[in-house]
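Here's the structure, in structure tokens; my notes come after.
Remember, it's a predicted structure, so these values are computed and weren't measured experimentally. The chains referred to below are lettered A, B, ... by the order of the sequence lines, with proteins before strands, and numbering in each begins at 1.
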There are 4 protein chains.
Amino acid sequence: MAKQPDPARRSQRSRQAILTAARELVSEVGYAKLTIEAIAARAGVGKQTIYRWWPSKGAVILDAFLALSESGPEQDITLPDTGDLEADLRAVMRATVAEFADPDFERPIRALNTEIINDPALAALYLEKLAGPVDEAKKARLRSAQRAGQLAADADLDLALELLYAPLYQRWLLRSGPLTAQYADALVDAFLKAMRPTGPS
Amino acid sequence: MAKQPDPARRSQRSRQAILTAARELVSEVGYAKLTIEAIAARAGVGKQTIYRWWPSKGAVILDAFLALSESGPEQDITLPDTGDLEADLRAVMRATVAEFADPDFERPIRALNTEIINDPALAALYLEKLAGPVDEAKKARLRSAQRAGQLAADADLDLALELLYAPLYQRWLLRSGPLTAQYADALVDAFLKAMRPTGPS
Amino acid sequence: MAKQPDPARRSQRSRQAILTAARELVSEVGYAKLTIEAIAARAGVGKQTIYRWWPSKGAVILDAFLALSESGPEQDITLPDTGDLEADLRAVMRATVAEFADPDFERPIRALNTEIINDPALAALYLEKLAGPVDEAKKARLRSAQRAGQLAADADLDLALELLYAPLYQRWLLRSGPLTAQYADALVDAFLKAMRPTGPS
Amino acid sequence: MAKQPDPARRSQRSRQAILTAARELVSEVGYAKLTIEAIAARAGVGKQTIYRWWPSKGAVILDAFLALSESGPEQDITLPDTGDLEADLRAVMRATVAEFADPDFERPIRALNTEIINDPALAALYLEKLAGPVDEAKKARLRSAQRAGQLAADADLDLALELLYAPLYQRWLLRSGPLTAQYADALVDAFLKAMRPTGPS
DNA sequence: AGTTAAGCGAGACGGTACGTCGAGTCTTTGG
DNA sequence: CCAAAGACTCGACGTACCGTCTCGCTTAACT
């Protein structure tokens with residue numbers, strides 16, 4: 001049985017330096033050219049210190065993102081709720097489109113996706129730690145819309161989220177089409193049509 | 001100026017051996033552990049012969065798939081058209097779900113996606129050569145439905161395809177939920193609601 | 001100025017455990033593959049405890065041997081003196097040959113020599129603590145022979161010892177020839193010829 | 001079964017660069033601090049090229065020395081033979097003493113000895129390729145002396161060489177005494193006494 | 001007896017080098 | 001005269017130890 005390192009003795013200084021270096025390097029050289037060696041060098045850390053605490057390069061990257069999220073500890077992620085579902089969704093979708101267009105944001109996210117695709121364990125971690133909370137916030141907004149009678153009360157919210165976001169995600173990932181505000185609006189329209197409450201008998 | 005190899009003199013024997021070896025190895029060891037060296041060895045070919053004709057590992061993989069498609073050269077891909085759009089879509093979507101569940105199919109496709117995400121040039125090639133023809137067939141079916149008044153006449157077919165397939169694609173790629181026949185049906189339902197023709201008057 | 005550890009507080013338990021572990025490991029894996037880490041682990045001791053008390057790996061090994069010699073504390077090493085120099089020397093040389101042939105003896109001694117060759121300080125320590133007393137005993141026997149008129153009275157005893165033992169040592173170290181009783185006898189013969197008293201004028 | 005590299009395709013340019021770099025580095029930093037990595041870097045060579053052709057660091061060093069000897073290909077090593085054995089031996093021994101005192105000579109030789117002690121295969125190679133020819137030349141001189149009646153005709157020449165050189169070698173290796181011209185002379189004296197022909201009648 | 005300061009086991013740390021693997025290039029050889 | 005074979009340089013891999021550095025925990029000596 002292999003000996004496990006003792007988390008109590010872990011150097012927080014090194015941990016932060018590694019995560020920061022990983023984030024910087026992913027932005028600078030991209031994920032494909034990212035090496036453990038470079039992270040260690042940039043962080044001023046022995047390679048073993050990385051291998052000791054992370055099982056794979058992908059895990060480091062994921063952790064680097066998690067650390068970002070955690071740093072704002074008050075993150076009760078809440079989406080705008082003005083009562084006008086369509087307006088709120090458009091705002092959110094347009095913002096998402098803009099986010100995906102930002103190169104500083106794009107590169108690390110592509111990196112993360114590359115790893116996640118081929119590593120189920122990492123995917124699970126990603127869904128739980130990063131995607132999960134965000135999705136929960138989105139669902140909360142949709143539930144509010146359901147209570148307001150703006151959305152079918154029996155709608156499957158997981159499927160609803162996919163309907164809304166998956167087309168955007170796919171287009172971005174495969175670069176199969178332009179990501180514009182118009183596109184965002186079109187998605188909201190289609191989503192609302194699909195999910196609108198069935199009219200009174 | 002670098003010398004270009006002369007395609008006329010290219011050995012078809014080597015080309016086929018390389019593509020076959022690539023396909024086999026991707027199935028056996030997965031994409032992450034696939035190496036040019038292994039492909040060359042398996043194909044009984046010098047490494048240089050691979051580098052001479054393909055710019056990257058991803059290009060070889062892509063070519064390996066293209067070769068498969070081309071092998072049935074008469075493929076005017078056509079989707080079933082019984083006149084009943086809902087039934088036809090359910091059949092197609094259920095078949096797609098089943099396909100994604102087949103491990104022999106899954107590994108190479110994940111491999112391809114991994115490469116495509118990080119290589120725009122490859123993505124373009126993929127969209128043109130592999131996804132394109134299939135999408136065209138899907139759109140043809142939808143256009144037929146439009147003519148039959150089962151689908152909004154002014155619907156954006158690109159967006160329509162995304163609405164239908166992207167949720168499935170995302171769920172498969174990120175392993176974020178089960179891929180079942182029920183799920184396929186639910187997607188078809190949502191799609192039809194979103195895309196149904198706006199009532200008369 | 002670095003703080004010196006206080007020998008009075010030194011743990012004898014740890015010291016013995018380290019020396020024993022060092023001796024065992026040298027026998028088991030040989031000197032080249034011997035590591036401080038392994039010694040510490042085997043001895044159930046922190047690495048620092050070794051670094052605190054010994055300046056180098058070679059010093060630990062040397063100490064391990066010294067400890068062995070010291071354990072028989074009455075060691076007034078004395079060589080047999082029957083009055084018959086030739087017979088006495090043959091016995092001693094044959095015993096030495098046999099000693100060198102014992103694998104349990106050979107490995108540690110080779111280890112020690114490896115270190116000594118490249119570390120003058122260690123060599124000095126070795127000569128003083130280990131070789132010195134033994135050489136003194138040998139010289140005592142030769143002096144006795146000089147008094148008995150069996151050896152040139154003006155012979156340089158350091159050189160005499162070298163003449164007798166160095167060929168054996170070299171042959172063993174470089175494995176340049178067989179170590180047999182015959183060889184031991186031949187060395188004694190040559191030695192006696194070289195060192196016999198010059199005849200009366 | 002592992003594939004063997006093909007010596008015919010070996011790059012002589014790389015081989016020479018490696019041997020030269022090894023020789024230089026052993027002189028500069030000593031054997032203990034010599035690393036394969038440094039040799040490769042200095043030689044402008046990939047590490048693999050070293051590992052491909054040599055089984056160990058010691059083998060590289062040995063080869064580096066062999067290459068030196070081979071470079072003067074006509075070397076019928078011959079020792080001076082003026083007819084005066086004592087004078088000739090004194091000259092040779094004094095020269096040897098001087099050689100051992102030269103630091104540029106000392107470091108590599110110590111390096112070589114360190115390796116040889118712990119590696120029987122290397123030792124055999126050393127004896128055959130480096131020590132062998134030199135010893136043969138020395139024996140030739142002694143045979144000449146035997147023919148001239150200056151040495152016992154039945155003397156074992158291997159033992160003779162050891163008697164003459166081993167004390168010097170041991171004193172140098174263990175730094176157990178000064179290496180002077182006087183010492184060289186004393187060794188010659190002792191040697192001649194031990195090996196002189198037994199008187200007539 | 002209680003305090004305190006050392007040595008101690010443990011083991012994480014920044015490093016260096018290891019020996020291996022594969023990438024992509026260059027050279028030799030054989031069909 | 002192309003392409004197989006494979007040796008080459010390069011760089012990263014993941015591992016093993018180095019020697020240093022905290023950590024708590026004994027354990028002895030000195031209040």
What pairs of donor and acceptor atoms, side-chain ones from residues 44-55 of chain D against any protein atom, are under 3.5 angstrom apart with sequence neighbours left out?
residue : atom : partner : partner atom : Å
D/Lys47 : NZ   : D/Glu37 : OE2          : 2.8
D/Trp54 : NE1  : D/Asp63 : OD2          : 2.9

Throw together a table of side-chain donor-acceptor distances under 3.5 angstrom for residues 28-35 of chain C, partners on residues two or more places apart or in other chains.
residue : atom : partner  : partner atom : Å
C/Glu28 : OE1  : C/Arg42  : NH2          : 2.8
C/Glu28 : OE2  : C/Arg42  : NH1          : 3.3
C/Tyr31 : OH   : C/Glu115 : OE1          : 2.6
C/Tyr31 : OH   : C/Glu115 : OE2          : 3.0
C/Thr35 : OG1  : C/Ala38  : N            : 3.0

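For D/Arg110, the salt bridge (Lys or Arg N to Asp or Glu O under 4.0 Å) criterion is met by D/Glu106, not counting sequence neighbours. Residues passing the side-chain contact (heavy atoms from CB on, under 4.5 Å) test with B/Arg23, sequence neighbours excluded: B/Leu19, B/Thr20, B/Ala64, B/Ala67, B/Leu68.
Residue pairs meeting the salt bridge (charged side-chain N to carboxylate O under 4.0 Å, His left out) criterion with at least one member in residues 116-126 of chain D: none, sequence neighbours excluded.
B/Asn113 is listed as a side-chain neighbour of A/Leu174, based on a closest heavy-atom distance under 4.5 Å.
Here the C1' atom of nucleotide E/dC8 and the CD atom of C/Gln12 are 14 Å apart, to the nearest Å. The distance from atom CG of D/Leu25 to atom C1' of E/dT16 is 16 Å, rounded to the nearest whole Å. Distance CZ (C/Arg10) to C1' (E/dG9): 16 Å, rounded to an integer number of Å. Rounded to whole Å, the distance from NZ on B/Lys33 to P on F/dC13 is 15 Å. One can place CZ of C/Arg42 at 14 Å from P of F/dC17, the figure rounded to the nearest angstrom. The nearest whole Å value for the distance from the CG atom in C/Asp6 to the C1' atom in F/dC30 is 14 Å. If you measure from atom CD1 of A/Ile39 to atom P of F/dG11, you get 18 Å, rounded to the nearest angstrom. Distance C/Arg13 CZ to F/dT26 P: 13 Å, rounded to the nearest Å.
Using a 4.0 Å heavy-atom cutoff across all strands shown, D/Thr49 reaches at least one base atom of the nucleic acid.
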Pairs under 3.5 Å (N/O, protein and nucleotides 23-27 of chain E):
residue : atom : partner : partner atom : Å
E/dA23  : OP1  : B/Ile36 : N            : 3.0
E/dA23  : OP2  : B/Ile36 : N            : 3.2
E/dA23  : OP2  : B/Glu37 : N            : 3.1
E/dG24  : OP2  : B/Tyr51 : OH           : 3.1
E/dG24  : N7   : B/Lys47 : NZ           : 2.9
E/dG24  : O6   : B/Lys47 : NZ           : 2.6
E/dC26  : N4   : B/Gln48 : NE2          : 2.6

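Residue B/Arg52 places at least one side-chain N or O under 4.0 Å from the OP1 or OP2 atom of F/dA3. Contact check, C/Trp53 against E/dC8: a side-chain N or O comes under 4.0 Å of OP1 or OP2. Close to E/dA12, at under 4.0 Å from its OP1 or OP2, lies no side-chain N or O of A/Ser14.
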What do the steps show when you test B/Leu112 against B/Leu130 for side-chain contact (heavy atoms from CB on, under 4.5 Å), and what is the final call? CA-CA 11 Å; B/Leu112 200 46; B/Leu130 270 183; 4.0 Å; yes
